[in-house]
Amino acid sequence: MFCGMAALVAAACWAPEADACSRVVYEGDTTEVPSQPTNPTGSQTNAPIEGEEARKTLRIVGRSLDWKTPIPTNLYVYPRGMKKVGNVTPGAVSWTSKYGSVYAVSYDGGVTEGMNEKGLVINGLFFVGTVYDNEETQGRPDMSLAMIVAWLLDMNATTPEVVEVLRQHDFNISGATFDGGTVSALHWGITDAEGRTAVVEFDHGNINIYEGTDLNVLTNDPAFPSMNAINDYWEKVGGVNMLPGTVKSPDRFVRGKFFDKNVEHTNDADLGLSICRSILMNVSVPYKYTVETSPNVSSTQWRSFANLRDLRYYFDIVTNLGVYYIDLQKCDLSEGAPVMKIDTAVLTNIVGEANQYLKPTTPFTPMY
């Protein structure tokens, strides 16, 4: 991808004088799932299912993508059992996918984010000051920014599994610059169906990983511990009294935290989507918003919402009239199934379930 993951990630989440992208994890209440298991004769009984399988919690991960020029982003569904490589360099990371996934692929060249069939979602957001490598990482197998999200989704079912892979750090991230040296700097938010979340940041080749079940908001800079310190100040001020209102990263973080904490928590998927969507709108940058003194302010182009319980991936392009979703449970993810695609530039009037609009396609060509 040019000198790496060129316009893909950098154009998706990089601006020299402006912040971009926000992420919010909405969590509903745990509820019992009605059930009628069968007895040895095959007839249904009225005994409830016991244990973890009887309890399902709605979790929706919403994110906005902000940039000053159009970012063509198409949706792909990839089945299990596909062989892939992290780069074309000798000895690069290679794998065969264990899980099927839906990917958001920018410029048809690299995976910005996605969700797999186990309800694991990974989102990449701009993070100023990121340095992926150092002397120790040189010589390790290459993993391009175009493919790292796909790799992690393909091979892991939970956040702890992803964290274990990242802590081993037996790879070197490549494709980190474009336009002759402009930095594509990212950090990642990772959440699984059980609500376990991790924030991953690179500091001069060292990986900083923050884990928990309450890491529900992520924007851009400063580093995650400093961002939480800023939020602690605003919590003392009290959000019902005053909230910071600019489009700067810390302000969006504080607003996202406050509203995510104080909205109603439901297990109704449609209502939960509406709530999460409204929070993301509150922390988004209005479309075509410009400031004379900040020429690189980035307005929100699209938002996504990953329902980890029901395996629905929603896409909300701000210039479209409606929101649509791919139901991953209805997709053929078996080994040998075709790769499927929604061309978002062509299909602009979809509303609701969009599985019927998925068309067989060749795999996208990574911009290594």
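From a predicted model like this one, the values you see are computed outputs, not experimental measurements.
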- Query: Looking just at side-chain N and O atoms, do R252 and N282 make a donor-acceptor pair shorter than 3.5 Å?
  - Reply: no

- Co-membership, hydrophobic cluster, residues V165 and W188, 4.5 Å side-chain: yes

- Task: Specify the closest pair of heavy atoms between P79 and V339, including all atoms of both residues, with the distance to one decimal.
- Result: CD-CG2, 4.1 Å

- Indicate yes or no: does D192 engage K118 in a salt bridge with an N to O separation below 4.0 Å. no

- More than 12 heavy atoms from other groups under 6.0 Å of CG on N262: yes

- Apply side-chain hydrogen bond (donor to acceptor under 3.5 Å, both in side chains) to the pair R303 and S64, showing each step before the final yes or no. CA-CA 4 Å; R303 306 175 190 93; S64 64; over 6 Å; no

- Message: For E235, I'd like to know if atom CD has over 12 heavy atoms of other residues, nucleotides or ligands within 6.0 Å.
- Response: yes

- Query: Is it true that the side chains of T191 and T197 contain a donor and an acceptor less than 3.5 Å apart?
  - Reply: yes

- So, are K341 and D108 salt-bridged, with charged N and O less than 4.0 Å apart? yes

- Message: If you count every heavy atom of other residues, nucleotides or ligands that lies below 6.0 Å from Q138 atom CD, does the total exceed 12?
- Response: yes

- Query: Does a donor on one side chain and an acceptor on the other come within less than 3.5 Å for N87 and S144?
  - Reply: no

- Task: Salt-bridge test for E27 and R59: reply yes if a basic N is under 4.0 Å from a carboxylate O, no otherwise.
- Result: yes

- Message: So for atom CD, which belongs to E211, do other residues, nucleotides or ligands contribute more than 12 heavy atoms lying within a distance under 6.0 Å?
- Response: yes

- Item | For Y132, the option from L186, I148, I207 that meets side-chain contact (heavy atoms from CB on, under 4.5 Å) | L186

